[in-house]
There are 2 protein chains.
Amino acid sequence: MTHDPIKRFRRFARSVTTEVGALDDSFLGRGRSLGAARVLNAIGHGRTDVAELRQYLNLDSGLLSRLLRQLEGEGLITVTPHPTDARARIAALTETGADEFAAYEDISDSRSRDLFDRHPHPQALLDAMDLIASALGRDRIRTEVQDPRAPQALFCLQEYYAELGRRFETGFDVNLSCDPQATDMMAPRGTFLVALSDDMPIGCVGIKGNGGPVAEVKRLWIAPSARGLGLAKRLMQQAEDAARALNITTLRLDTNSALPEALRLYQTTGWTEIPRFNDDPYPDHFFEKHLE
Amino acid sequence: MTHDPIKRFRRFARSVTTEVGALDDSFLGRGRSLGAARVLNAIGHGRTDVAELRQYLNLDSGLLSRLLRQLEGEGLITVTPHPTDARARIAALTETGADEFAAYEDISDSRSRDLFDRHPHPQALLDAMDLIASALGRDRIRTEVQDPRAPQALFCLQEYYAELGRRFETGFDVNLSCDPQATDMMAPRGTFLVALSDDMPIGCVGIKGNGGPVAEVKRLWIAPSARGLGLAKRLMQQAEDAARALNITTLRLDTNSALPEALRLYQTTGWTEIPRFNDDPYPDHFFEKHLE
DNA sequence: TCATTTATCTGACTTAGGTCAGGTAAATTC
DNA sequence: GAATTTACCTGACCTAAGTCAGATAAATGA
């Protein structure tokens with residue numbers, strides 16, 4: 001009876017809805033409608049263009065306009081013309097606005113901190129949240145090209161190195177491996193793709209090029225919570241497309257038998273195993289793929 | 001940066017909110033307001049007294065009354081006087097109403113089924129949901145006295161046996177152990193308590209009495225997702241209170257060293273170890289506590 | 001019995017949230 | 001340079017949701 005997945009899912013939905021409702025109620029405690037509070041929060045989180053706000057919050061332009069007027073009237077934000085497009089406008093928090101924003105942040109932070117502080121296994125709780133967020137958000141995963149030194153890209157790389165350290169018997173030291181130059185993984189030589197789920201980085205892959213027709217696939221990583229969703233295949237597909245657009249005709253990669261999922265992926269998506277083509281100490285398998 | 005628990009919690013909240021919003025939108029597709037749909041669903045789930053509906057849905061009596069009138073007008077429900085209290089009223093689905101209720105159930109079922117079907121580890125997903133639901137709902141956990149043969153009580157007992165089977169090297173067979181008669185764990189001889197979190201059973205404990213001043217504590221079980229929240233201590237406290245109310249002055253219990261959390265609980269909450277007092281093959285530790 | 005409480009209903013009212021049809025001014029396209 | 005598109009704003013309007021003050025009738029307690 002109660003082990004019925006649907007009932008358990010419902011219980012989960014109910015408990016989360018209650019939590020969200022309680023958070024909304026405490027937001028209302030600051031004497032502002034939820035709509036206005038949401039706009040203020042989005043601005044505080046760096047969504048400053050009015051157009052971006054409209055899209056992110058999914059608001060009618062008339063409604064957003066009125067909410068902006070209200071926040072402006074309260075002295076919490078200023079709205080100024082966009083520097084390069086005089087039709088568009090940019091919202092910014094005033095000093096009072098920043099204080100008010102911080103107050104909202106405090107409310108939601110203290111709720112989540114309280115949740116983790118009181119729990120016997122906060123790490124398990126976080127992992128559970130990641131797993132569910134990845135599952136619920138799988139159709140909203142988007143990929144963007146990033147500088148490999150950008151914060152979200154760096155996060156992926158660090159997680160990638162940490163994972164190799166756990167998987168390899170010998171551990172993993174980036175300095176012993178040939179760490180690509182960032183510019184080799186940026187246009188026009190290469191590219192670096194980051195997969196985002198609700199703005200959290202959950203995967204990456206790099207194409208390291210040298211301007212010629214042969215390039216390497218590097219740093220393919222998928223967050224544990226997002227594995228099994230077919231994301232690796234999708235990222236590789238996008239990486240190949242990007243390589244084609246850079247006039248690359250042959251891709252190579254190296255990998256290790258301690259990463260069986262990766263080996264299986266390459267074996268089933270048109271890669272052919274080739275002899276060792278570098279002297280990196282870690283890899284023990286090498287693949288190649290000719291692009292159309 | 002992104003490994004920041006608060007950011008991860010926010011991402012979780014956002015993905016869940018999006019999911020709930022999408023579900024609400026598909027509910028709206030049936031041409032009825034969310035409020036009316038919620039009332040219809042609550043009735044379908046067995047909340048038939050108007051007073052119960054009001055409390056469960058947290059609605060103003062005027063508002064609920066109007067929603068009931070609307071559903072009645074659509075021919076989905078009938079509202080009849082309460083058989084024993086002519087002031088109160090009882091709502092029931094008509095045949096059309098049951099169909100409409102089933103349609104809503106279908107919508108939400110298919111969403112959750114889809115989620116599990118498409119996921120590589122549905123069991124992990126469910127466990128994650130249980131963990132989060134228990135953590136978020138910990139302040140709403142309530143205990144109720146149940147017949148040990150009631151569905152929720154039985155669910156707890158089955159989980160309890162399954163867990164013993166996993167913990168004991170020899171496995172566990174209820175038939176070899178002395179399984180208490182249900183009536184020995186019901187008033188006036190004893191009691192059986194079930195802990196519920198958002199209507200899902202997550203723990204139980206029984207007092208098995210014989211009408212005399214000495215009784216036994218049996219079947220203390222806490223769902224894995226709810227461990228570490230102090231629930232066992234709370235259930236034991238409530239069981240002791242119930243025993244006192246039944247004029248029981250001495251409680252005994254047996255346990256096994258394969259259950260170290262239980263041993264620790266008894267050792268730290270006023271129980272004293274005593275010699276074996278039965279010939280049940282499973283236990284290897286025995287405790288006693290005198291109630292004031 | 002009579003006053004009080006309880007369960008529900010009705011009607012008047014408020015508010016948040018949202019839609020829609022223009023209007024203005026800048027940017028873009030032809 | 002004219003026509004079109006884009007970004008935002010304003011004002012009119014609508015609806016779901018919720019609040020509040022009685023009204024009614026049954027149940028309860030003194």
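Values below: all heavy atoms of this structure, side chains included; hydrogens, waters and symmetry mates excluded. Every chain is numbered from 1, with letters handed out A, B, ... down the list of sequences. Just so we're clear, the structure is a prediction, and the values are computed from it rather than from any experiment.
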Asker: Find the distance A/Asp49:CG to D/dT6:P and express it as a whole number of Å.
Answerer: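 About 17 Å, once rounded to whole Å.
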Asker: Could you state the CG-C1' distance from B/Leu68 to C/dA7, rounded to the nearest angstrom?
Answerer: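 Atom CG in B/Leu68 sits about 13 Å away from atom C1' in C/dA7.
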Asker: Could you tell me how far apart B/Asp60 (CG) and C/dT15 (P) are, to the nearest whole angstrom?
Answerer: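 Rounded to whole Å, this separation is 16 Å.
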Asker: Are side-chain N/O atoms of A/Arg89 and A/Thr48 paired as donor and acceptor at under 3.5 Å?
Answerer: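 Absent: no donor and acceptor within the cut-off.
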Asker: Rounded to whole Å, how long is the line connecting atom CG of B/Leu34 with atom C1' of C/dG17?
Answerer: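 Result: 13 Å.
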Asker: Report yes if a side-chain nitrogen or oxygen of B/Arg69 is closer than 4.0 Å to either non-bridging phosphate oxygen (OP1 or OP2) of C/dT10; otherwise report no.
Answerer: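 Yes, within the criterion.
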Asker: Under 4.0 Å from OP1 or OP2 of D/dC9: is there any side-chain N or O of A/Arg89 that close?
Answerer: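 Yes, A/Arg89 has a side-chain N/O under 4.0 Å of OP1/OP2 on D/dC9.
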Asker: Just checking, is any N or O donor in the side chain of A/Glu240 or A/Gln238 under 3.5 Å from an acceptor N or O on the other one?
Answerer: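 No.
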Asker: Can you tell which of D/dA27, C/dT8, D/dT19 lies closest to the side chain of B/Ala86?
Answerer: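 Of D/dA27, C/dT8, D/dT19, D/dA27 is nearest to the side chain of B/Ala86.
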Asker: Whole angstroms only, please: what is the CG-P distance between A/Asp24 and D/dA17?
Answerer: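 Whole-Å distance recorded here is 16 Å.
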Asker: What about B/Arg66: does its side chain form a donor-acceptor pair under 3.5 Å with the base of C/dG11?
Answerer: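 Pair found.
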Asker: Could you state the CD-P distance from B/Glu72 to C/dC9, rounded to the nearest angstrom?
Answerer: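 It is 8 Å, rounded to the nearest whole Å.
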Asker: Could you check how far NE2 of A/His82 sits from C1' of D/dT6, rounded to whole Å?
Answerer: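 After rounding, the gap between these two atoms is 13 Å.
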Asker: Please tell me if B/Ser33 has a side-chain N or O lying less than 4.0 Å from either OP1 or OP2 of D/dA17.
Answerer: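 Result: yes.
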Asker: Could you check A/Gly35 against A/Thr84 and say which one's nearest nucleotide on DNA chain C is further toward the 5' end?
Answerer: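 Closer to the 5' end of DNA chain C: A/Gly35.
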Asker: Under 3.5 Å, is there any donor-acceptor pair linking the side chain of B/Arg87 to the base of C/dT8?
Answerer: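 Per atom types, no contact qualifies.
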Asker: Classify the side-chain pair A/Glu72/A/Gln70 by whether it contains a donor and acceptor separated by less than 3.5 Å.
Answerer: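 Per modelled atom types, A/Glu72 and A/Gln70 side chains form no pair under 3.5 Å.
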Asker: Taking B/Asp85 for the side chain and B/Arg87 for the main chain, is one N or O donor matched with an acceptor at less than 3.5 Å?
Answerer: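 Here the side-chain-to-backbone pair exists.
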Asker: Is the closest side-chain donor-acceptor distance between B/Arg142 and B/Ser197 under 3.5 Å?
Answerer: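 B/Arg142 vs B/Ser197: no donor-acceptor pair found between side chains.
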Asker: Just the rounded figure in Å: distance from P of C/dT28 to CG of A/Asp85.
Answerer: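 Computing the A/Asp85:CG to C/dT28:P distance gives 6 Å.
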